[in-house]
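In what follows, a structure is listed as structure tokens, so that the remarks can point back to it.
Note on naming: letters A, B, ... go to the chains in the order of the sequence lines (proteins, then strands), and numbering restarts at 1 for each one.
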Amino acid sequence: MIELRVLRKNFEKLKKGLIERGEKLENFFKILKIIENRKKITNSLQKLQQKLNEESKALSNSSIEEIDQRRSFLRNIRTNIQSLETDFQHLENTLTNLILKIPNLPQDDVPLGESEKNNLEIKQIGIPNKFNFKILDHVELGDKLGILDLERSSKISGSRFAFLKGSGSLLNRALMQYLCNFHAGHGDIELTVPYLVKYSSMQATGQFPKFFEDAFQISIPNSESYYLIPTSEVPVTNFHSNEILPEKELPLRYFSHSHCFRAEAGSAGRDTRGLIRQHQFEKVEMVRFCTEQQSEFEFAEMVSRASKILTELNLPHRIVSLCTGDLGFSSQKTYDLEVWLPSQGIYREISSCSIFGTFQSLRAKIKYRDAKGYLKPAFTLNGSGLPLGRTLVAILENNQQINGTVKIPKVLWKYMNGLKVLTRP
RNA sequence: GGAAGAAUGGCCGAGCGGUUUAAGGCACUGGACUUGAAAUCCAGCGCAAGGGUAACUUUGCCGUGAGUUCGAAUCUCACUUCUUCCGCCA
């Protein structure tokens with residue numbers, strides 16, 4: 001969230017950022033107007049409050065008669081105050097709702113552009129395999145190997161769900177073990193998280209109010225709704241909400257394996273085939289809290305961490321800097337890692353590493369106390385490391401062989417009970 | 001599910017209708033003393049929103065939201081969370 005104080009002094013900067021992102025300025029102008037109104041009301045409200053305080057205080061040693069005399073006059077002031085307070089509250093709510101819909105501003109080093117076409121490739125790692133036979137996509141492979149069942153899942157839950165089976169389940173589990181151990185091996189703290197969260201938690205990380213339609217809502221009679229987490233970023237970032245972190249403990253590095261749930265409201269008809277875009281998937285997520293000075297280093301470390309995993313898994317990939325128009329709502333800079341998918345002949349997003357600045361921590365009230373004793377909002381970052389489904393897809397497609405079998409990357413062997421190749425049953 | 005209690009600044013903790021302008025302590029910051037440190041002493045020290053170039057100043061904030069009152073941290077009601085006890089169930 002943009003701080004009101006900062007916003008008021010940087011209208012031009014905000015406007016520039018919004019234009020770069022391709023946002024409409026409608027809300028921006030509404031905000032300007034409300035701030036002016038709010039100023040007027042605040043002034044008259046404060047004057048009345050001051051008067052009432054002074055008059056009341058003057059009465060503290062008065063006789064009953066004196067109090068009786070002044071009563072109706074003071075009561076009148078109070079009524080006026082209450083009516084102004086109602087107006088103020090209304091304006092304040094409108095203002096807050098508008099500000100919550102303002103996205104984060106891009107950092108200066110984010111490439112300008114309108115859409116993903118303008119994203120900037122930073123580097124390529126690994127060389128895509130050249131296959132001298134007709135390759136299969138992961139759905140065909142999964143079907144032939146008997147490890148993926150999409151027909152039965154649609155019978156039970158509809159589209160965008162899947163069953164893994166046999167050594168497919170084992171591979172999924174092995175991948176999770178490998179990823180978690182990889183991050184734990186770097187000293188990150190593991191969290192196992194709640195999958196249902198409150199509205200306020202979704203608001204704190206930036207999913208709500210703007211992307212309410214993308215979340216699964218769990219309603220219970222006579223009670224506040226829960227929401228299924230779209231990523232463990234939500235519970236892990238909120239792990240420290242309303243907290244003050246000791247500066248000497250920063251940076252704090254967490255990782256968490258969780259299931260993720262997304263309604264995919266805006267993507268009907270897109271990626272309907274296979275495991276690429278599911279309502280439910282598993283992901284290992286990195287989440288970090290740090291100071292502004294530490295943030296660029298943490299960001300770079302996170303990107304290289306994800307890249308290292310892909311390299312260990314022997315998956316060709318590239319790193320791309322998202323342009324201003326393609327940046328996520330809460331992010332001020334994002335590097336996507338894209339893995340090579342032979343069946344589609346393109347690089348597909350497999351990890352997204354973002355630096356949020358103070359955008360989330362101002363919403364979630366995550367602070368730290370600096371050396372001078374001042375409270376400052378912490379910087380938050382997160383990145384996928386990695387999603388299980390898409391990684392599975394990449395492993396199957398990149399490691400397929402002419403006889404229809406799939407080689408399992410060496411780093412997973414020890415989690416596969418000795419299995420090194422997936423073969424047809 | 002039932003009963004009782006609690007929630008105050010970064011932390012501990014007093015206050016339970018009007019000198020609260022939230023005591024006192026710890027922590028922190030600046031200074032004095034010291035070769036340096038510790039200890040001691042002096043001073044400062046919350047968040048947010050208005051006004052002012054600034055010094056400064058006004059308002060709001062004692063879990064959240066309503067209410068009573070000229071006046072609420074203090075009284076009333078509802079809610080949330082936590083603690084203890086009882087019951088029930090994995």
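- rG9(B) and rC79(B): their C1' atoms are spaced 24 Å apart (whole Å).
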Protein-nucleotides 46-50 of chain B N/O pairs under 3.5 Å:
unit_1, atom_1, unit_2, atom_2, d
rA48(B), OP1, R5(A), NH2, 3.2
rA49(B), O3', R38(A), NH1, 3.0
rA49(B), O3', R38(A), NH2, 3.3
rG50(B), OP1, R8(A), NH1, 3.4
rG50(B), OP1, R38(A), NH1, 3.0
rG50(B), OP2, R8(A), NH1, 2.4
rG50(B), O2', N43(A), OD1, 2.7

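- Counting to the nearest Å, the P atom of rU58(B) and the CG atom of L48(A) are 17 Å from each other.
- In this pair, F359(A) and F329(A) present their aromatic rings perpendicular. The plane angle is above 60°, beyond the 30 to 60° band.
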Polar atom pairs (N or O), protein with nucleotides 66-73 of chain B, under 3.5 Å:
unit_1, atom_1, unit_2, atom_2, d
rC70(B), OP1, R71(A), NE, 2.4
rC70(B), OP1, R75(A), NH2, 3.3
rC70(B), OP2, R75(A), NE, 2.9
rC70(B), OP2, R75(A), NH2, 2.6
rC70(B), O2', S56(A), OG, 3.0
rG71(B), OP2, R78(A), NH1, 3.2
rG71(B), O4', S56(A), OG, 3.3

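- Rounded to whole angstrom, the span from the OH atom of Y199(A) across to the P atom of rU64(B) amounts to 21 Å.
- A donor atom on one side chain and an acceptor atom on the other are not found under 3.5 Å apart for E55(A) and Q50(A).
- No side-chain N or O of S232(A) forms a donor-acceptor pair with one of H257(A) less than 3.5 Å apart.
- With hydrogens and angles ignored, the 3.5 Å screen pairs no side-chain donor or acceptor of Y227(A) with any backbone N or O of M202(A).
- Ion pair E140(A)/K144(A) not flagged as a salt bridge, since none of the NZ, NE, NH1 or NH2 atoms sits closer than 4.0 Å to an Asp/Glu carboxylate oxygen.
- Between R262(A) and D214(A) there is no salt bridge, since no side-chain nitrogen of the basic residue lies less than 4.0 Å from a carboxylate oxygen of the acidic one.
- Proximity of N53(A) to the phosphate of rG60(B): a side-chain N or O atom is located under 4.0 Å from OP1 or OP2.
- As a whole-Å value, the separation of Y368(A) OH from rC28(B) C1' is 16 Å.
- Nucleotides rU74(B) and rC62(B) have their C1' atoms positioned 10 Å apart, rounded to a whole Å.
- Looking at K308(A) and E312(A), no side-chain N of the basic residue comes within less than 4.0 Å of a carboxylate O on the acidic one, giving no salt bridge.
- A distance-only check finds no donor-acceptor pair linking the side chain of H138(A) to the backbone of G274(A) [under 3.5 Å].
- Under the Watson-Crick or G-U wobble criterion, with both distances below 3.5 Å, rC11(B) is paired with rG25(B).
- For the P atom pair drawn from rG67(B) and rA7(B), the interatomic distance equals 24 Å after rounding to whole Å.
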